Amino acid sequence: MRLLIMGAPGAGKGTQASRIAARYDIPAISTGSIFRQNIAEGTPLGVKVKEIMDAGKLVSDEITDQIVADRLSQDDCASGWLLDGYPRNLHQVSALDEAGHQVDAVISLLVDEEDLIQRLLKRAEIEGRSDDNEDTIRTRMQVYTAETEPLLQTYAERGLLVEVDGEGEIDEVTERVVRELDAFLSGNRGELDA
Ligand code: ADP
């Protein structure tokens, strides 16, 4: 099972990704978390990406594609994975395609834009993520709208998009995702059998 989860900053991708991955017994891989971990540990990669992340801009494709390729080649990814935060632009879509990784479904978490900002500002208080301040949030939203949101259309055209309402309690959203994903996957299998 190879899945992508997409959504605007604050849509709850990370939270839902761990739960969905556990449900299907696959690793959840978050490029944002990988970068944050490297920053926390002060690795050369962390040093390289910190300023860009704090500004809310995208880390270069060269670095990001390599990180993902390395991670997906590890043993625990043999039976599948759920990618959270990648691909984020058209170049990254091509990189994933060219690496021969076929995706089974793309979960799109839908949340009202006003709610997103409120969630991010609240998270800033709780988690203290250095990119959860108003200026950076604005940039991240702009980057999302310009570069990442159009990918939903790309995956819709491939017949892979599963849109899920991301409003409400965390558990509720997880149940909704699993229900819609299962329906989508069994529908697709049905079509293949027919
Ligand atoms: P959010 O979706 O809330 O912005 P993420 O943890 O997914 O949070 O991403 C945080 C930051 O990490 C991004 O703003 C960007 O700087 C960097 N990042 C994560 N994934 C990618 C990616 N695929 N390509 C480039 N940069 C990325």
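Remember, it's a predicted structure, so these values are computed and weren't measured experimentally. Ligands are counted one by one from 1 in listed order, and the atoms in each one are counted from 1 as well.
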Quiz item: Arg88 side chain to Gly85 main-chain N or O, any donor-acceptor pair under 3.5 Å?
Solution: yes
Which residue holds the protein heavy atom closest to [atom], what is that atom called, and what is the gap in Å?
atom                    : result
atom 12 (O) of ligand 1 : Met53 CE, 3.3 Å
atom 8 (O) of ligand 1  : Arg129 NH2, 3.2 Å
atom 2 (O) of ligand 1  : Lys13 NZ, 2.7 Å
atom 27 (C) of ligand 1 : Phe35 CE1, 3.8 Å
atom 24 (N) of ligand 1 : Gln92 NE2, 2.9 Å
atom 9 (O) of ligand 1  : Arg88 NH2, 3.3 Å

Self-check item: Asp131 versus Thr136, side-chain donor and acceptor atoms under 3.5 Å
Solution: no
Quiz item: Do the non-hydrogen side-chain atoms of Met53 and Ile39 ever get within less than 4.5 Å of each other?
Solution: yes
Quiz prompt | Within-4.5 Å side-chain heavy-atom neighbours: Ile107 and Leu4 | solution = no
Looking at ligand 1, does any of its N/O atoms fall within less than 3.5 Å of an N/O of [X]?
X      : value
Arg140 : yes
Asp131 : no
Gly85  : yes
Val59  : yes
Tyr86  : no

Going by the atom numbers of ligand 1, which of them fall below 4.0 Å from some non-hydrogen atom of [X]?
X      : answer
Arg123 : 3 (O)
Thr31  : 19 (C), 20 (N), 21 (C), 23 (N)
Lys57  : 15 (C), 16 (O)
Arg36  : 6 (O), 10 (C)

Carboxylate-amine/guanidinium contact [X] [Y], below 4.0 Å:
X      : Y      : value
Arg176 : Glu172 : yes
Asp112 : Arg119 : no
Arg2   : Asp104 : no
Asp97  : Arg158 : yes

Exercise. Quick one: pull up OH in Tyr86 and OG1 in Thr64 and give me the separation to the nearest 0.5 Å.
Key: 7.5 Å
Self-check item: Pairwise distance CG(Asp132) to CD1(Ile137) - rounded to 0.5 angstrom
Solution: 5.0 Å
Quiz item: How far apart are the closest heavy atoms of Ala28 and Ala17, and which atoms are they?
Solution: CB-O, 3.8 Å
Quiz item: Would Glu51 count as a contact of ligand 1 if the rule is a heavy atom under 4.0 Å away?
Solution: no
Practice problem: Check whether any heavy atom of His91 sits under 4.0 Å from an atom of ligand 1. | Solution: no
